[in-house]
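Below is one structure, written out as structure tokens, with a few remarks after it.
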2 protein chains.
Amino acid sequence: MRLSRYFLPILRDTPKEAEIVSHRLMLRAGLIRQQSAGLYSWLPMGLRVLNKINAIIREEQNRAGAIELLMPTIQSADLWRESGRYDAYGKEMLRITDRHEREMLYGPTNEEMITDIFRSYVKSYKDLPLNLYHIQWKFRDEVRPRFGTMRSREFLMKDAYSFDLDQASATHSYNKMFVAYLRTFARIGLKSIPMRADTGPIGGNLSHEFIILANTGESEVFCHKNYLDFDIPAADTDFDDVDGLQKTVDKWTSLYAATSEMHDEKAYAEVPAGDAVSARGIEVGHIFYFGTKYSEAMGAKVMGPDGQERPVHMGSYGIGPSRLTAAIIEASHDENGIIWPDAVAPFDVALLNLKVGDGASDEACAKIYKALTAAGRDVLYDDRDERPGAKFATADLVGIPWQVVVGPKGLAEGKIELKRRSTGEKHELSVDALIDRLTVDA
Amino acid sequence: MRLSRYFLPILRDTPKEAEIVSHRLMLRAGLIRQQSAGLYSWLPMGLRVLNKINAIIREEQNRAGAIELLMPTIQSADLWRESGRYDAYGKEMLRITDRHEREMLYGPTNEEMITDIFRSYVKSYKDLPLNLYHIQWKFRDEVRPRFGTMRSREFLMKDAYSFDLDQASATHSYNKMFVAYLRTFARIGLKSIPMRADTGPIGGNLSHEFIILANTGESEVFCHKNYLDFDIPAADTDFDDVDGLQKTVDKWTSLYAATSEMHDEKAYAEVPAGDAVSARGIEVGHIFYFGTKYSEAMGAKVMGPDGQERPVHMGSYGIGPSRLTAAIIEASHDENGIIWPDAVAPFDVALLNLKVGDGASDEACAKIYKALTAAGRDVLYDDRDERPGAKFATADLVGIPWQVVVGPKGLAEGKIELKRRSTGEKHELSVDALIDRLTVDA
């Protein structure tokens with residue numbers, strides 16, 4: 001992508017409404033624009049990150065056997081009356097009346113609707129287990145939306161819902177998502193720690209939050225430091241292996257880890273002093289097993305092998321990709337801007353032409369752009385008529401993992417500079433060596 | 001995907017609420033489920049089609065230089081007051097009041113919001129031309145939603161918005177989208193004809209609808225039959241070639257073509273009798289040039305090369321992927337079910353194991369499934385414990401382009417049946433020949 005033809009509105013000044021660093025950087029780097037309180041447009045560069053995150057989530061959901069569908073954003077109030085949550089949900093629910101005076105709402109979550117879909121089609125234990133998910137916009141009418149996309153009103157959520165005949169099978173479904181979440185966050189470049197959590201308005205008695213540690217995190221968390229070095233389950237994990245999956249989950253819940261809500265001072269005191277971590281954390285995922293809470297209320301029953309009908313056991317599993325984008329920045333930035341992990345970077349390479357119009361520079365850039373693009377790398381080519389300083393600052397601010405700097409001075413010596421955004425490490429290379437490096441090794 | 005682990009709720013009976021064939025088939029084939037009047041869930045198979053359509057739209061928008069972003073579904077009423085459309089839009093607009101009594105709405109279209117984004121960042125002609133698009137859910141509160149996703153209340157729309165300094169440049173931007181639309185529909189497998197159209201509530205004085213001919217189409221259209229054989233602009237079309245693009249558009253608007261709204265009996269009478277087509281049509285795309293209607297009202301101005309500020313010239317360009325899914329079925333089905341064009345089929349191949357549990361059949365299916373999947377083909381493997389008749393009926397109903405039929409009888413003679421859904425043509429092949437055929441030729 002040639003920057004001269006792209007839409008990347010960088011802000012010079014830090015917007016004063018932004019209270020946390022991710023919000024500031026997302027506005028300054030032209031990732032998002034606030035349209036109203038808690039409502040954001042995702043500008044082209046921001047959307048690229050969001051889509052990369054979604055793609056990883058999708059791959060890991062599919063790997064764990066979950067099946068994607070897509071439910072509408074608007075729901076009927078009647079469905080929520082069946083579960084009893086229409087009145088219980090309070091003012092966070094955006095309630096709507098349509099032209100025929102029917103009561104509707106903008107879905108804040110989808111337990112009711114997915115249970116309705118399930119009960120319409122599935123009647124037998126033979127069609128279980130089943131896990132259905134979607135990635136769809138939700139709305140929660142926060143009293144005071146803030147922190148940018150970290151706590152917006154309209155937000156994107158991947159929510160999966162599992163259906164099983166009994167608790168044992170439901171536990172296996174829960175474990176599949178537990179492992180899928182560990183893999184998802186690791187692939188995105190984050191170290192997440194599952195922490196026993198309160199179930200809140202979703203209900204149920206088993207729940208984990210996935211927390212990443214970040215100095216600017218919203219909540220206080222306590223855990224054993226060994227979690228940070230645990231191996232992530234492999235890509236070829238057998239999700240049908242009940243015992244194997246249980247062992248993984250047991251390992252990842254064997255040491256102390258709790259958010260302040262669930263914190264137990266006495267248990268924490270038993271963690272050896274050198275191993276105890278007390279830090280700030282950001283919740284990036286939340287999984288729940290809630291048994292038959294919705295299936296009983298809404299009549300979602302299946303015939304068991306014994307010919308008896310019984311309400312299905314359910315769980316739900318959420319990740320907010322729009323929130324996650326902000327969380328990644330909270331965990332990965334410096335004073336010059338964002339440092340994207342490779343897997344979710346909007347572009348792989350920023351190509352900086354320091355002297356547009358200089359024959360040798362233009363030619364070298366064209367060659368590099370063509371070669372990297374042909375190799376499947378996403379390249380943002382800064383071909384604007386701007387001073388070098390502005391190009392360096394933009395590249396650092398938007399945080400693309402590799403910067404390739406091309407200018408007449410270096411070229412006269414046959415050299416191009418390659419800079420790694422995360423470490424600041426610089427190498428001088430020939431054009432051909434650079435192309436090799438970024439098409440083979442990157 | 002193994003069908004035994006998939007979620008494909010086929011309905012035996014034709015739902016009585018469905019008035020048109022696409023609606024009936026989408027419900028029966030488990031593509032969608034109605035949640036409330038005009039609100040649909042996209043079940044896994046339906047979502048696959050929707051995503052394939054979106055991917056083609058995206059590729060062609062990007063090829064034509066449009067840049068993707070994503071605006072929220074909920075908008076502030078204030079924005080619509082600026083253009084004067086808040087009061088003008090009527091009851092089709094879903095109006096919402098949030099917890100702070102602020103007036104909001106569910107976006108039925110995005111001219112206002114994109115103009116707001118534009119005016120916030122773009123100040124100079126040097127940043128033009130610019131074309132920004134998104135693919136996002138919209139809501140129009142139809143009095144009587146019907147025909148399934150053909151006229152639903154919540155619907156998906158790709159809407160692009162172009163910004164230019166003057167009318168000449170805006171015409172070029174219009175032509176880019178005109179050509180992109182021809183390519184998009186052709187790639188999806190549809191013959192579309194651009195027809196001069198009324199601009200309606202969007203405003204402006206230049207507009208074309210893209211119409212596909214289908215017996216069950218909602219409106220009457222009149223055109224010269226030669227349009228059906230015109231060459232589609234090539235993938236390597238130079239979208240920066242102003243004259244070349246204009247020539248293509250001139251050719252595609254040279255012969256008579258009009259919807260009943262714009263029909264001119266006198267001009268139509270001049271079409272040679274053998275060339276005149278009067279048929280039913282379905283609108284699948286609509287493009288508009290509306291000059292400075294929104295930019296003047298909302299103060300979206302840029303500095304020209306002469307140092308003078310002037311309101312920017314705009315156009316908007318819409319395709320509804322959710323509606324398009326239904327339109328494709330209207331244009332491509334038979335009495336047994338859907339016939340998906342290859343490019344948007346949910347799966348490329350339906351693999352029917354006629355005797356699950358038979359060693360030879362299971363082995364042959366496993367080999368075929370593995371080989372085709374490795375070659376990047378999407379295979380739906382019917383490994384259910386069902387009778388052959390049910391498997392044939394399901395495969396025909398869901399309309400996957402190729403059916404591979406594996407049973408003990410054929411295998412005893414070293415034969416497998418390959419059936420083309422669209423023509424009914426059948427071939428008998430060895431397992432290896434079949435794999436070759438579907439990995440190389442398909």
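Reckoned from all heavy atoms, side chains included, excluding hydrogens, waters and symmetry mates. Sequence lines set the chain letters: A, B, ... in the order given, protein chains first and strands last, and positions in each chain run from 1. Predicted model only: the values in this text are computed from it and were never measured.
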Which pairs would a plain distance check flag for residues 65-73 of chain A, meaning a side-chain donor or acceptor within less than 3.5 Å of a matching protein atom at least two apart in sequence or in another chain?
unit_1 : atom_1 : unit_2 : atom_2 : d
A/E68  : OE1    : A/R58  : NE     : 3.0
A/E68  : OE1    : A/Y133 : OH     : 3.4
A/E68  : OE2    : A/R58  : NE     : 3.1
A/E68  : OE2    : A/R58  : NH2    : 3.1
A/T73  : OG1    : B/Y106 : OH     : 2.7
A/T73  : OG1    : B/E154 : OE1    : 3.1
A/T73  : OG1    : B/E154 : OE2    : 3.0

key: Validation row: A/L156, A/R323 side chains within 4.5 angstrom (heavy atoms)   = no

query = Given a strict heavy-atom distance threshold of 4.5 Å, which part of A/Q136 is in contact with chain B: side chain, backbone, both, or neither?
reply = side chain

task = Would you indicate whether the side-chain heavy atoms of A/V398 and A/P346 approach each other to under 4.5 Å?
result = no

Mutual orientation of the aromatic rings belonging to A/F163 and A/F118 [parallel < 30°, tilted 30-60°, perpendicular > 60°] = parallel

ask   = Side chain, backbone, both or neither: which part of B/S4 has a non-hydrogen atom closer than 4.5 Å to chain A?
value = neither

request  = Find the one option among B/D78, B/D141, B/L132, B/D98 whose heavy-atom pairs under 4.5 Å with chain A are most numerous.
outcome  = B/D141

B/R384: partners by salt bridge (Lys or Arg N to Asp or Glu O under 4.0 Å), with sequence neighbours left out = B/D382

query = So which part of A/L43 gets closer than 4.5 Å to some heavy atom of chain B, the side chain, the backbone, both or neither?
reply = both

ask   = For B/I117, is it the side chain, the backbone, both or neither that has a heavy atom under 4.5 Å from a heavy atom of chain A?
value = both

key: Row check, B/Y86 ring normal vs B/R95 NZ/CZ: under 6.0 Å, within 45°   = yes

message = With heavy-atom distances below 4.5 Å as the criterion, would you say the side chains of A/L105 and A/L94 are in contact?
response = no

message = Using modelled atom types and a 3.5 Å cut-off, is there a donor and acceptor pairing between side-chain atoms of B/H134 and backbone atoms of B/M157?
response = no

query = In terms of heavy-atom proximity below 4.5 Å to chain A, should B/I74 be classed as side chain, backbone, both, or neither?
reply = both

Pick from B/S120, B/S152, B/A37 with the largest number of heavy-atom pairs that fall under 4.5 Å of chain A = B/S120

query = Of the backbone (N, CA, C, O) and the side chain (C-beta and beyond), which part of B/Y6 lies under 4.5 Å from a heavy atom of chain A, both, or neither?
reply = both

message = Using heavy-atom distances under 4.5 Å, tell me whether B/E142 contacts chain A through its side chain, its backbone, both, or neither.
response = backbone

key: Donor-acceptor contact present, side-chain A/R140 to main-chain A/P108, <3.5 Å   = yes

task = Below 4.5 Å from any heavy atom of chain B, which atoms of A/Y40 appear? Answer side chain, backbone, both or neither.
result = backbone

remark   = To the nearest 0.5 Å, atom CZ of A/R153 lies from atom CH2 of A/W137 at 14.0 Å

ask   = Using non-hydrogen atoms and a limit below 4.5 Å, what part of residues 45-55 of chain B faces chain A?
value = B/L47

ask   = Would A/D159 and A/K138 count as a side chain to side chain contact (heavy atoms under 4.5 Å, CB included) if you check the C-alpha gap in whole Å, the side-chain angles of each, and the deciding distance to 0.1 Å?
value = CA-CA 10 Å; A/D159 36 330; A/K138 311 286 191 295; 2.8 Å; yes

inquiry  = For the backbone of A/W80 and the side chain of A/S83, can you confirm whether one donor and one acceptor N or O come within less than 3.5 Å of each other?
reply    = yes

key: B/T373 vs B/V379 side-chain heavy atoms within contact, under 4.5 Å   = yes

request  = Considering only heavy atoms, give the residues of residues 122-131 of chain A separated from chain B by less than 4.5 Å, sorted numerically, with 'none' for an empty result.
outcome  = A/V122, A/L130

query = Between B/R33 and A/D116, is there a salt bridge with N-O shorter than 4.0 Å?
reply = yes

ask   = Under a 4.5 Å heavy-atom cutoff, which of B/T97, B/L79, B/L39 has the most pairs with chain A?
value = B/L39

message = Could you check whether any side-chain N or O of B/S322 sits under 3.5 Å from a backbone N or O of B/F155, counting only pairs where one atom can act as donor and the other as acceptor?
response = no

task = Heavy-atom distances under 4.5 Å only: say whether A/S36 touches chain B with side chain, backbone, both or neither.
result = side chain

Region of A/M1 in contact with chain B, defined by heavy-atom distances below 4.5 Å = neither

query = Closest approach of B/M314 and B/E111, non-hydrogen atoms and distance?
reply = CE-O, 4.5 Å

